[in-house]
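Each chain gets a letter, A, B and so on, in the order its sequence line appears, and its residues count up from 1.
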Amino acid sequence: MSRRYITTAIDYPNAAPHMGHVLEKVLADVCARWFRLKGDDVRFQIGTDEHGTKMQRAADKEGVTPQELADRNVELFTGLYDRLQISHDLFIRTTDQKVHWPTVQVIWKKLADAGMLEKRSYKGLYCSGCERFMTARDLTDGICPNHQVAPEEVEEENYFFLMSKDTENLKNLLTKEWDGESYRIIPNNREKETLALLDQGLEDVSFSRPKSSLDWGIPVPEDDEHTMYVWCDALTNYISGLGLFTDHEEREWWDDATVTHVIGKDIARFHALIWPSMLKHVGVRTPDELLIHGFLTSEGQKMSKSTGNVVVPDDVLEKFDGNPDPIRFYLSHEISVGSDGDFSWDRFEKLYDARMRNALGNLLNRVLILIQKEGGKIAIPDSPSDTTQAEDGWKKFGESMDSFEVHNGIQQALALVDVLNGAIDTTKPWTLEGEEKVTLLSRFAESLRHVSLMLLPFVPQTAQAIAKQLGVPYAKSMLEKDFVITEQMKEFGGQKDWQTIGEPSILFPPLS
RNA sequence: CGCGGGGUGGAGCAGCCUGGUAGCUCGCGAGGCUCAUAACCUCGAGGUCGCGGGUUCGAAUCCCGCCCCCGCAACCA
């Protein structure tokens with residue numbers, strides 16, 4: 001058995017969560033659930049990054065304190081993730097002074113002791129209207145588009161993290177190894193992109209702001225005049241959640257686990273470069289895998305408030321009376337891991353109808369009703385061809401899932417559904433009688449049991465509903481975190497204590 | 001010459017790393033079945049895999065050049 005630590009990016013709660021947040025959490029949750037199901041010891045962490053000027057400004061605008069804003073908005077995230085049945089073990093908040101801050105401050109001190117932090121003056125173009133430094137791209141003809149004024153050149157003191165020292169090391173870490181450690185980027189088309197960053201050369205990174213320009217954050221240890229900027233604060237959540245460098249360390253989840261960070265392409269550079277560099281200089285090993293997902297468009301267009309095409313996740317849930325599985329299914333099935341994808345209501349409804357309702361739900365129903373008419377008994381015959389197919393199916397499925405090609409995994413499960421629907425028409429069980437009929441139908445039911453197990457990481461509730469209708473004895477414990485898909489369960493006819501079916505019912509109702 | 005991503009039948013995508021009969025979902029046409037949620041199955045139409053060149057016995061896949069879309073991932077969480 002192996003240990004796995006899976007994390008997502010921590011979300012910035014200056015506004016309500018959108019589909020992009022959901023994509024990432026569902027992807028990570030599918031992975032976490034899969035590894036649990038195969039028997040790994042899994043710890044899964046998500047959270048919120050609550051500091052910074054954006055939060056400060058959003059709070060000022062509303063006339064509340066940043067903490068009040070954070071407390072209020074964080075509930076939008078935790079509530080949504082509960083409704084989506086994200087199976088995290090810890091939700092970490094960067095404003096948590098007990099869980100998060102102590103580790104961060106130790107990290108800072110260790111980086112300082114290692115000679116990796118240096119106070120320098122930073123010169124930039126500051127717009128007093130925006131209250132922030134502007135980059136060349138922010139400006140139109142050198143003028144702030146929001147305030148129609150030219151920003152002034154301002155100089156301030158920052159602590160810089162001397163990352164440029166690690167350029168070669170990081171390249172080695174990502175391509176070969178650094179001190180025997182390697183950090184793999186998944187999928188490999190993202191690897192190329194990230195490595196290109198290295199070729200551009202690495203610059204040192206600003207790690208702090210004067211307190212006068214950034215107050216809402218973690219104070220720099222032993223320097224009252226400065227507040228930590230996002231990197232040291234936010235990235236550290238991955239180990240502060242494990243209590244590293246405190247008296248309640250759970251270090252086995254880092255040192256003796258496969259560590260996988262699930263993040264979006266926008267923050268790949270920080271996770272691929274700054275984070276491992278920080279870790280090395282505080283004497284903590286680097287993570288193992290960086291799983292980078294793409295962005296979602298909405299109806300083929302970039303999601304933005306001005307376009308008005310931002311999809312509110314709760315609207316999607318509401319369409320299905322709070323059932324999280326349709327959206328979990330859509331995101332898993334339609335978006336290739338790592339690629340950009342699109343959310344379209346039309347596509348979403350069609351997929352629900354065609355795949356979930358017609359292919360899967362209807363198959364379950366037709367099989368169960370036929371069995372019910374024969375008395376509801378299950379009698380799975382020995383069948384070498386079925387046995388081989390089950391073995392091959394699980395092998396392929398496992399390979400897809402293990403390599404994080406989860407879209408292939410769910411599609412394989414659905415491909416099996418198609419095969420079964422076809423086989424029913426060919427074998428016409430309704431024309432048979434007696435034992436012949438029961439054994440044939442039992443084979444279909446048994447195949448559906450396998451489908452249900454394969455769907456379990458993606459659509460847990462649905463997978464359990466299928467197993468319950470099938471009457472599989474383990475059905476009631478399927479959603480528990482210690483439920484494991486055993487070798488026996490993966491065998492065709494391996495569930496010896498399964499005798500009768502349950503009560504058939506409509507798995508997915510039609511859309512109104 | 002900023003950096004990336006993409007261009008595959010009507011629509012949306014997979015395949016490309018590790019060359020070898022072009023695959024999936026939706027849509028369309030014609031049959032079939034009647035167990036089932038007006039569902040299901042079969043067959044069919046529809047593609048010079050952006051363009052040009054190269055490597056190869058063989059290229060959607062590898063190499064070179066070009067065209068067209070999209071993103072910003074430059075201290076933006």
**OP:** With the side chain of A:Lys428 defined as its heavy atoms from C-beta on, choose the nearest nucleotide among B:rC33, B:rA36, B:rC41.
**Re:** B:rC33
Original post:
Just checking A:Leu368: base, sugar-phosphate only, or nothing, at a heavy-atom cut-off of under 4.0 Å?
Top reply: nothing
Original post:
Base, sugar-phosphate, or nothing: which does A:Arg190 touch, judged by heavy atoms less than 4.0 Å apart?
Top reply: nothing
Original post:
Is the ring centre of A:Tyr238 less than 6.0 Å from the ring centre of A:His261?
Top reply: yes
**OP:** Select base, sugar-phosphate, or nothing to describe what A:Ser339 touches, counting heavy atoms under 4.0 Å on all strands.
**Re:** sugar-phosphate
Original post:
Between A:Arg347 and A:Asp342, does at least one N-O distance fall below 4.0 Å, as a salt bridge requires?
Top reply: no
**OP:** For A:Phe508 and for A:Ser336, locate the closest nucleotide of RNA chain B by heavy-atom distance; then report the residue assigned to the nucleotide nearer the 5' terminus.
**Re:** A:Ser336
Original post:
Within this structure, what is the CD1-to-C1' distance between A:Ile274 and B:rC76, rounded to whole angstrom?
Top reply: 13 Å
Original post:
Salt bridge or not for A:Arg93 and A:Asp71, using N-O below 4.0 Å?
Top reply: yes
**OP:** Quote, to the nearest angstrom, the C1' distance that separates B:rG12 from B:rU48.
**Re:** 23 Å
Original post:
Rounding to a whole Å, what distance do you find between A:Lys302:NZ and B:rG71:C1'?
Top reply: 8 Å
Original post:
Touch check for A:Gly361, heavy atoms < 4.0 angstrom, all strands: base, sugar-phosphate only, or nothing?
Top reply: base
Original post:
So, for A:Phe508 and A:Phe320, is the gap between ring centers shorter than 6.0 Å?
Top reply: no
**OP:** Could you check how far CG of A:Leu414 sits from C1' of B:rC24, rounded to whole Å?
**Re:** 11 Å
Subject >> Listed nucleotide nearest any side-chain atom of A:Lys373, set B:rC72, B:rC33, B:rC35 >> reply: B:rC35
Subject >> Between B:rC76 (C1') and A:Met55 (CE): distance, integer Å >> reply: 16 Å
Original post:
Would you say the ring centroid of A:Phe458 lies under 6.0 angstrom from that of A:Phe329?
Top reply: no
**OP:** When you get a sec, tell me which of B:rU25, B:rA14, B:rC40 is the closest nucleotide to the side chain of A:Asn358?
**Re:** B:rC40
**OP:** Using a 4.0 Å heavy-atom cut-off across all strands, classify A:Val205 as base, sugar-phosphate, or nothing.
**Re:** nothing
Original post:
What is the distance from CZ of A:Phe444 to P of B:rC40, rounded to the nearest Å?
Top reply: 16 Å
Original post:
What nucleic acid atoms does A:Ala268 come within less than 4.0 Å of, heavy atoms only: base, sugar-phosphate, or nothing?
Top reply: nothing
Original post:
Can you tell me how far P of B:rC16 sits from CG of A:Asn408, to the nearest Å?
Top reply: 10 Å
Subject >> Side chain A:Arg355 and base B:rU25 donor-acceptor under 3.5 Å >> reply: no
Original post:
Looking at B:rG71, B:rA36, B:rG12, which one has an atom nearest to any side-chain atom of A:Arg347?
Top reply: B:rG12
**OP:** Mind checking A:Asp266 for me? I need base, sugar-phosphate or nothing, with any heavy atom below 4.0 Å counting as a touch.
**Re:** sugar-phosphate
Original post:
If you check every side-chain atom of A:Lys350, which of B:rU37, B:rC33, B:rG27 has the closest atom?
Top reply: B:rG27
Subject >> Length of the CG-C1' vector between A:Asn421 and B:rC33, whole Å >> reply: 13 Å
Original post:
Are A:Glu399 and A:Lys395 close enough for a salt bridge, meaning some N to O gap below 4.0 Å?
Top reply: yes
Original post:
Taking the side chain of A:Asp418 as heavy atoms from C-beta outward, which of B:rU25, B:rC35, B:rC40 is closest to it?
Top reply: B:rU25
**OP:** Choose from B:rA73, B:rG32, B:rA36 the nucleotide whose nearest atom is closest to any side-chain atom of A:Asp425.
**Re:** B:rG32
**OP:** Using a cut-off of 6.0 Å, state whether more than 12 heavy atoms not belonging to A:Lys377 lie near its atom NZ.
**Re:** no
Original post:
Hey, which of these two, A:Leu507 or A:Gly341, hits RNA chain B nearer its 5' end, going by closest nucleotide?
Top reply: A:Gly341
Original post:
Could you give the CZ-to-P distance, from A:Phe270 to B:rC76, as a whole number of Å?
Top reply: 4 Å
Original post:
Quick one: the side chain of A:Asn365 and the base of B:rA36, do they pair up donor-acceptor inside 3.5 Å?
Top reply: no
